[in-house]
There are 2 protein chains.
Amino acid sequence: MTSTGPDGQRRRRARRGQGGELRERIVDTAATLLAESGDEQAVSIRSVADAVGVTPPSLYLHFPDKSALLRAVVERLFSDLERDVARSQAGSGGPVERVLALARAYLAFGLGSPGRYKVLYEGRVLPALDLPDGGVPGRALIEAAAGDLQEAVQGGQHLPAGDARATTILLWQLLHGAVSLRINKPGFPWRDAWADVGPAVRTLVGVPGQG
Amino acid sequence: MTSTGPDGQRRRRARRGQGGELRERIVDTAATLLAESGDEQAVSIRSVADAVGVTPPSLYLHFPDKSALLRAVVERLFSDLERDVARSQAGSGGPVERVLALARAYLAFGLGSPGRYKVLYEGRVLPALDLPDGGVPGRALIEAAAGDLQEAVQGGQHLPAGDARATTILLWQLLHGAVSLRINKPGFPWRDAWADVGPAVRTLVGVPGQG
DNA sequence: ACCTGAACACCGTTCAAGT
DNA sequence: ACCTGAACACCGTTCAAGT
């Protein structure tokens, strides 16, 4: 998704993986394989090694095991999500508009690359990782939205479902449900995601109406 | 979950798997392994065969491949879900109460056995299976809820989020989001699921208030 | 008709060995 | 310091062979 082309050659000489460069290539390649395949376990140590042009044991010089590799990939993918959200929020009027932009970006991110979304929110790697109390990857997004809504409340905005935080969590559950079910039950006759949940989202943040 | 004890012996003589009896034992065992492990792929052909007391190739006499086995398991698990829901609805007053009971039962089913829920709603087996137009396993539940809400509407009930069907789908997305995030992000400081989404659910079905 | 033993091509991971 | 070849214990699946 970042720098490696179809052929991994067009890079600075690459004197056989020096100075963490190989590590970067591994994460790049794994992230790409993941987004393409859409399956956490189609990304095998061996397939990544193959695509990078190296033997499997080499990966173990940079990652203790496969979970560690996937965690590194996940961190990169969460950065992508945060970047997408920030972009979609650029030039938003007020805090409520920022939250609405976040909601749309979240849906677009998830539905745009189901494999990527599944690793981040339904993968087997993360539940093990986020035991350290509340240190859930991607939590920054939640806190940012809660902050925006809090600001809106202080500006006089009414939230029908409770305080800023409760509303954010409710939003998250609804948005995740919309993405996750569409990904996992593709045979169901879904309507457009935003047409479906948009009105409810708007109601939750206190600005009912269409758009 | 059904009949096989820790030792598979206490069954009718079992003259070496005759008349589809072995098939039943395989599905039983796989379902149990799944609920215990909570991981779709901890259930391996070999581990199931072992637990049943037979060699791996024997399973292929009853199922063309692993997906087919898991599909059979999934059908059984959906029956379990429908049974749980029906029980929780027993003696419900009106159609709205039936939907509220369904919502609570859905949350309890999902949070009560995360591994089971993940196979049904996030597994890799089903998306491939439910391509036949709308023939999603578990859809019966949705249609039943939509029917109940439709009945409520005809009885004069007002649904603030749209018609009976749209409301049902919205409910589903919210409930799934509540279950799925709690399962997949256990490190997050979640509140009790019903306390969290209950008020929104009640609002959606047109009976705001607590309970 | 039902079940097995042995094999195939995969997988993650380890480790002695090479430069 | 970095990378490899060979091996280990797994996996799903196939197939000839046994009763």
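Throughout, a chain's letter reflects where its sequence line sits, starting with A, and its residues are numbered from 1.
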Exercise. Which dot-bracket string fits DNA chain D when only Watson-Crick or G-U wobble pairs with both atom distances under 3.5 Å count, crossing pairs get [ ], and | stands for a partner on a different strand?
Worked result: ||.|||||...|||||.||

Without decimals, in angstroms, what is the distance between [X] [atom1] and [N] [atom2]?
| X | N | atom1 | atom2 | answer |
| --- | --- | --- | --- | --- |
| His62(A) | dC3(D) | NE2 | C1' | 10 Å |
| Leu59(A) | dC3(D) | CG | P | 10 Å |
| Leu22(A) | dA1(D) | CG | P | 16 Å |
| Ile26(B) | dC3(C) | CD1 | P | 8 Å |

Exercise. Are any of the side-chain heavy atoms of Arg25(A) and Val54(A) separated by less than 4.5 Å?
Worked result: no

Exercise. Taking C-beta and beyond as the side chain, do Val205(A) and Leu171(A) meet within less than 4.5 Å on heavy atoms?
Worked result: yes

Problem set entry | Ile45(B) vs Phe63(B), side chain to side chain contact (heavy atoms under 4.5 Å, CB included): CA-CA, chis, key distance, verdict | CA-CA 11 Å; Ile45(B) 289 271; Phe63(B) 305 95; over 6 Å; no

For this session: Would you mind checking if Asp80(B) and Arg83(B) are paired as a salt bridge, meaning a charged N to carboxylate O distance below 4.0 Å?
Result: yes

Heteroatom pairs (N/O) under 3.5 angstrom, protein to nucleotides 10-13 of chain D:
unit_1, atom_1, unit_2, atom_2, d
dC11(D), OP1, Ser44(B), OG, 3.3
dG12(D), OP1, Ile45(B), N, 2.8
dG12(D), OP1, Lys66(B), NZ, 3.2
dG12(D), OP2, Ile45(B), N, 3.1
dG12(D), OP2, Arg46(B), N, 3.3
dG12(D), N7, Arg46(B), NH1, 2.3
dG12(D), O6, Arg46(B), NH1, 3.2
dT13(D), OP2, Tyr60(B), OH, 2.7
dT13(D), OP2, Lys66(B), N, 2.9
dT13(D), O5', Tyr60(B), OH, 3.0

For this session: Run the ring-centre check on Phe78(B) versus Phe109(B) and record whether the distance is less than 6.0 Å.
Result: no

For this session: Just jot down the side-chain hydrogen bond (donor to acceptor under 3.5 Å, both in side chains) partners of Glu143(B), sequence neighbours excluded, or say none.
Result: Arg139(B), Arg165(B)

Exercise. If you round to the nearest 0.5 Å, how far is CZ of Arg191(A) from CZ of Arg182(A)?
Worked result: 8.5 Å

Exercise. What is the distance from atom CG of Leu77(A) to atom OH of Tyr117(A), rounded to the nearest 0.5 Å?
Worked result: 13.0 Å

Exercise. Does Ser58(B) put a side-chain nitrogen or oxygen below 4.0 Å from OP1 or OP2 of dC3(C)?
Worked result: no

